[in-house]
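Here is the naming used below: chain letters follow the sequence lines, and residue numbers restart at 1 for every chain.
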There are 2 protein chains.
Amino acid sequence: MRLTEKEVVTILRQHGYKLTWQRRVVIRTVVSTQDHHTPTAIYEKVHQDYPNIGLVTIYRTLEILARLNLICELHAGGSCHSYTIAAPGHHHHLICSNCGRVVDFTGCELEELQQSLSKETGFRIDGHLLEFIGLCQTCQKETITK
Amino acid sequence: MRLTEKEVVTILRQHGYKLTWQRRVVIRTVVSTQDHHTPTAIYEKVHQDYPNIGLVTIYRTLEILARLNLICELHAGGSCHSYTIAAPGHHHHLICSNCGRVVDFTGCELEELQQSLSKETGFRIDGHLLEFIGLCQTCQKETITK
DNA sequence: TATGTAAATGATAAATTATTTCACTTAGAA
DNA sequence: TTCTAAGTGAAATAATTTATCATTTACATA
Ligand SMILES: [Mn+2]
Ligand SMILES: [Mn+2]
Ligand SMILES: [Zn+2]
Ligand SMILES: [Zn+2]
């Protein structure tokens, strides 16, 4: 079950953030759709009803909501522009969040999950995105010494 | 095993693309590191040795290499700005590539894989990114009628 | 309910990032 | 060597994101 407007508002205030009408409107917009949207898209939607709202406020609000895990950042289908050399065949990546090192791996074994998801939702699933994120050995040591 | 410069070059030419020195330099740069890089980062790296190369060429070359699956686009740790409302607890997303509809799901069961990966690589793994991409029922029908 | 204050907003500017255009250059086939 | 389609880079433009700061506002407190 997804978070409701009320739940989001409550958590936001529990963390000491003020509830401005601008924030409420952004929250309402995000909650009231099953789609995902970019800051610009949300801005344009909101801007129709509230022409005075600023794009910066959208950015700031989304940043807060994301930090509090009240909204999720999506990747697949978007256009991230960070590249690494490929390996042949189906594989995925383990990435060091500190130095950017990338390790390839195979054997994701997601076919079963994909099948059941497809059955439950009626989606025709074309692919998946899987990445692990962490700290490589080198960066772990560095973190300790610091 | 990752692709080598030679392999990338061969496949590039097999697809009818000319091998310019600019393209070779970009390929060499991407191949010669285990990290991932943005177009700007690659540009700055290449630009040191070849001040005449244009940033546009970097973009164009990366786009081609990505389309041919010779390089991989990474997401975790990057900053994609497309959001959807969250659900409580650990969950992931199934996304329609046509209309953007998002369906949440749980039960990724990646702990085992994460364990073995951590053991093999020495990484301390902090999290994972998992998304399925496909077509929702509605968009499947639309595709058929068209 | 009125007041005070820190937090938040939005106008503006600036910085990044990405795309388009087009005259010139070049890889590679013939 | 010649020819030509493909590719390049300079420049302009567009799009996205961040920074600054005077003004406004939420809300705790009196
Ligand atoms: Mn991404
Ligand atoms: Mn998971
Ligand atoms: Zn590292
Ligand atoms: Zn759809």
Side-chain angles (χ1 to χ4, degrees), chain A residues 5-6 8-30 36-68 70-71 73-75 77-83 100, chain B residues 5-6 8-29 36-68 70-71 73-75 77-83:
Chain A
E5 179 182 331
K6 190 179 249 182
V8 172
V9 165
T10 301
I11 299 176
L12 190 68
R13 303 187 70 172
Q14 280 174 354
H15 283 82
Y17 292 100
K18 292 184 179 172
L19 179 60
T20 63
W21 64 263
Q22 292 93 335
R23 284 176 178 169
R24 186 178 279 282
V25 164
V26 171
I27 292 167
R28 184 166 296 167
T29 303
V30 177
H36 56 106
H37 298 289
T38 60
T40 306
I42 293 172
Y43 173 70
E44 283 165 0
K45 207 149 182 258
V46 166
H47 192 258
Q48 291 174 5
D49 293 334
Y50 308 87
N52 295 325
I53 204 167
L55 176 57
V56 215
T57 297
I58 310 287
Y59 272 100
R60 286 189 285 227
T61 302
L62 291 175
E63 196 199 331
I64 293 168
L65 295 177
R67 202 168 46 238
L68 298 181
L70 300 173
I71 57 175
E73 188 181 325
L74 298 188
H75 302 268
S79 55
C80 269
H81 283 160
S82 191
Y83 300 98
Chain B
E5 178 181 332
K6 192 179 248 183
V8 173
V9 165
T10 301
I11 298 175
L12 190 68
R13 304 187 69 170
Q14 281 174 353
H15 282 82
Y17 292 100
K18 292 183 177 175
L19 179 60
T20 63
W21 65 263
Q22 292 93 335
R23 284 176 178 171
R24 185 179 281 282
V25 164
V26 171
I27 292 167
R28 183 166 295 167
T29 303
H36 57 107
H37 298 288
T38 61
T40 307
I42 293 172
Y43 173 70
E44 282 165 2
K45 207 150 182 254
V46 165
H47 192 257
Q48 291 174 4
D49 294 335
Y50 307 88
N52 295 326
I53 204 167
L55 176 58
V56 212
T57 298
I58 310 286
Y59 273 102
R60 285 188 286 227
T61 303
L62 291 174
E63 195 198 331
I64 293 168
L65 295 177
R67 202 168 44 239
L68 299 179
L70 300 172
I71 57 176
E73 188 181 324
L74 298 189
H75 302 268
S79 55
C80 271
H81 282 159
S82 191
Y83 299 98

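Counting heavy atoms from C-beta outward, A:V26 and A:R23 have side chains that stay 4.5 Å or more apart. A:L70 is not listed as a side-chain neighbour of A:V30, based on a closest heavy-atom distance of 4.5 Å or more. Taking 4.5 Å as the limit, some side-chain heavy atom of A:V56 sits within range of a side-chain heavy atom of A:R60. Side-chain contact between A:W21 and A:Y50 is present, with at least one heavy-atom pair separated by less than 4.5 Å.
Among the heavy atoms of the strands, none lies under 4.0 Å from B:R24. Within 4.0 Å of A:L19, counting heavy atoms only, lie sugar-phosphate atoms of the nucleic acid but no base atom. Using a 4.0 Å heavy-atom cutoff across all strands shown, A:R23 reaches sugar-phosphate atoms only and no base atom.
Judged by atom type and distance alone, A:R60 reaches the base of C:dG10 through a side-chain donor-acceptor pair under 3.5 Å.
Both B:K18 and B:L55 sit near DNA chain C, but only B:L55 has its closest nucleotide nearer the 5' end. Place A:T20 and B:W21 on DNA chain C by their nearest nucleotides, and A:T20 ends up nearer the 5' end.
In this structure, a donor-acceptor pair under 3.5 Å is absent between the side chains of A:T38 and B:H81.
In this structure, of C:dA27, C:dT19, C:dT9, it is C:dT19 that holds the atom nearest to the side chain of A:H81.
One N or O on the side chain of B:E73 and one on the backbone of A:C80 form a donor-acceptor pair closer than 3.5 Å. A distance-only check finds a donor-acceptor pair linking the side chain of A:T29 to the backbone of A:V25 [under 3.5 Å]. Using a distance-only test at 3.5 Å, with no hydrogens or angles considered, a donor-acceptor pair links the side chain of A:T61 to the main chain of A:T57.
Contacts between chain B and DNA chain D, taken as any atom within less than 4.0 angstrom of a protein heavy atom, begin and end at D:dA5 to D:dT17.
Phosphate contact (OP1/OP2 of C:dG10, side-chain N/O of A:Q22, threshold under 4.0 Å): present.
Straight-line distance from the CZ atom of A:R13 to the C1' atom of C:dA7: 14 Å, rounded to whole Å. Atom-to-atom, OH of B:Y17 to C1' of C:dA29 comes out at 19 Å; the value is rounded to the nearest Å. Whole-Å rounding puts the A:Y59 OH to C:dT17 P distance at 13 Å.
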Verify side chain to side chain contact (heavy atoms under 4.5 Å, CB included) between A:L68 and A:Y17, making sure each step is shown before the conclusion.
CA-CA 11 Å; A:L68 298 181; A:Y17 292 100; 4.0 Å; yes
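Contacts between residues 40-52 of chain A and DNA chain C, counted as heavy-atom distances below 4.0 Å, involve A:N52.
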